[in-house]
Amino acid sequence: MRSTEKTLLILDLDETLIHATEVELAHPADFRLDRYFVYQRPHLRVFINEMKKYFQLAVWSSASDDYVQAIADEVFTPDDQLRFVWGRSRCTYRRNFEAINLRNYSDHYQYIKVLKKVKKLGFDLNRILIVDDTPHKAQANYGNAIYPKPYEGDPADDELQLLAEYLKKLSAATNVRNIEKRGWRTSVLR
């Protein structure tokens, strides 16, 4: 990737950008997908429109590939110019030894997102950010990861507004991995 290109911003779907549930919430869903009522996180379209000015955008979820594509088709437009839309088949299925130790499970596996797969597409790891509500899914990418609070359908949620302000501050960084991202929300609220 040429250094003049924008940083790649990889976005998770479930509980990051949307909430999908088989049980309808007290307010109407934004759309339906099979048996799911799907609620877009408040301010999602504004967030996407703002982020595409500063970043290249991509989607990576640990959900099934067909579900991820169907959700992406609803949430994003062709103008968003997603670099890729990846689902579970692009994740790594790995044993979680921490869960085994804490819960005394003998076999606990999980899907994780390994950014070395994105690097193979020509992206510089120093210029990739991944936004995911589930830290263990980005466990191999701590220097690249930002963890928003999970979205569960609250119509008053303002996380994407805060996240947009924070991400804009990172957009010109030549190495996002060296920037401390824990407590990112506090840095915006100051």
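This one's a predicted model, so the numbers in the text were calculated from it and none came from an experiment.
Listed by first then second residue, pairs satisfying side-chain hydrogen bond (donor to acceptor under 3.5 Å, both in side chains) with a partner in residues 25-38 read E22-R35, not counting sequence neighbours. Residues in residues 165-178 take part in these salt bridge (Lys or Arg N to Asp or Glu O under 4.0 Å) pairs, two or more places apart or across chains: E50-K168, E165-K168. Pairs passing the salt bridge (Lys or Arg N to Asp or Glu O under 4.0 Å) check and including a residue from residues 153-163, sequence neighbours excluded, read R41-D157, E159-R185. Counting only residues at least two apart or in different chains, ring-ring contact (aromatic ring centres under 6.0 Å, His included) contacts with residues 155-185 comprise Y166-W184.
Within a 6.0 Å sphere centred on NZ of K119, other residues, nucleotides and ligands contribute 12 heavy atoms or fewer.
Side-chain atoms of T16 never come within 3.5 Å of backbone atoms of D132 as a donor-acceptor pair (strictly under, hydrogens ignored). At least one donor-acceptor pair closer than 3.5 Å links the side chain of T21 to the backbone N or O of V23. A donor-acceptor pair is defined here as one N or O able to donate and one able to accept, closer than 3.5 Å; such a pair exists between the side chain of S61 and the backbone of A63. Q40 places no side-chain N or O within donor-acceptor distance of the main-chain N or O of I18, the cut-off being under 3.5 Å.
Partners of K181 under the side-chain hydrogen bond (donor to acceptor under 3.5 Å, both in side chains) rule, at least two apart in sequence or in another chain, do not exist in this structure. Applying the salt bridge (Lys or Arg N to Asp or Glu O under 4.0 Å) rule to R83 yields no partners; only residues at least two apart in sequence or on another chain are considered. For A29, the side chain to side chain contact (heavy atoms under 4.5 Å, CB included) criterion is met by F37, Y39, not counting sequence neighbours. Residues passing the salt bridge (Lys or Arg N to Asp or Glu O under 4.0 Å) test with D80, sequence neighbours excluded: R45, K52. The side chain to side chain contact (heavy atoms under 4.5 Å, CB included) check on R90 picks up W60, W86, with sequence neighbours excluded. For the side-chain hydrogen bond (donor to acceptor under 3.5 Å, both in side chains) test, residues two or more places apart in sequence or in another chain that qualify with S62 are K137. Every residue meeting the side chain to side chain contact (heavy atoms under 4.5 Å, CB included) condition with R88, not counting sequence neighbours, appears here in chain and number order: S64, D65, Y111.
Remark: M51 CE to Q56 CD distance equals 14.0 Å, nearest 0.5 Å.
Considering every non-hydrogen atom in both F76 and V59, the closest pair reads CE1-CG2, 3.5 Å. Residues I71 and L33 share a closest heavy-atom pair of CD1-CD2, 3.5 Å.
Considering N141, N144, D12 as possible partners of K113, the one that fulfils the side chain to side chain donor-acceptor pair (under 3.5 Å) test is D12.
Think of I112 as one node in a network of Ile, Leu, Val, Met, Phe, Trp and Tyr side chains linked at under 4.5 Å; its network also takes in V114.
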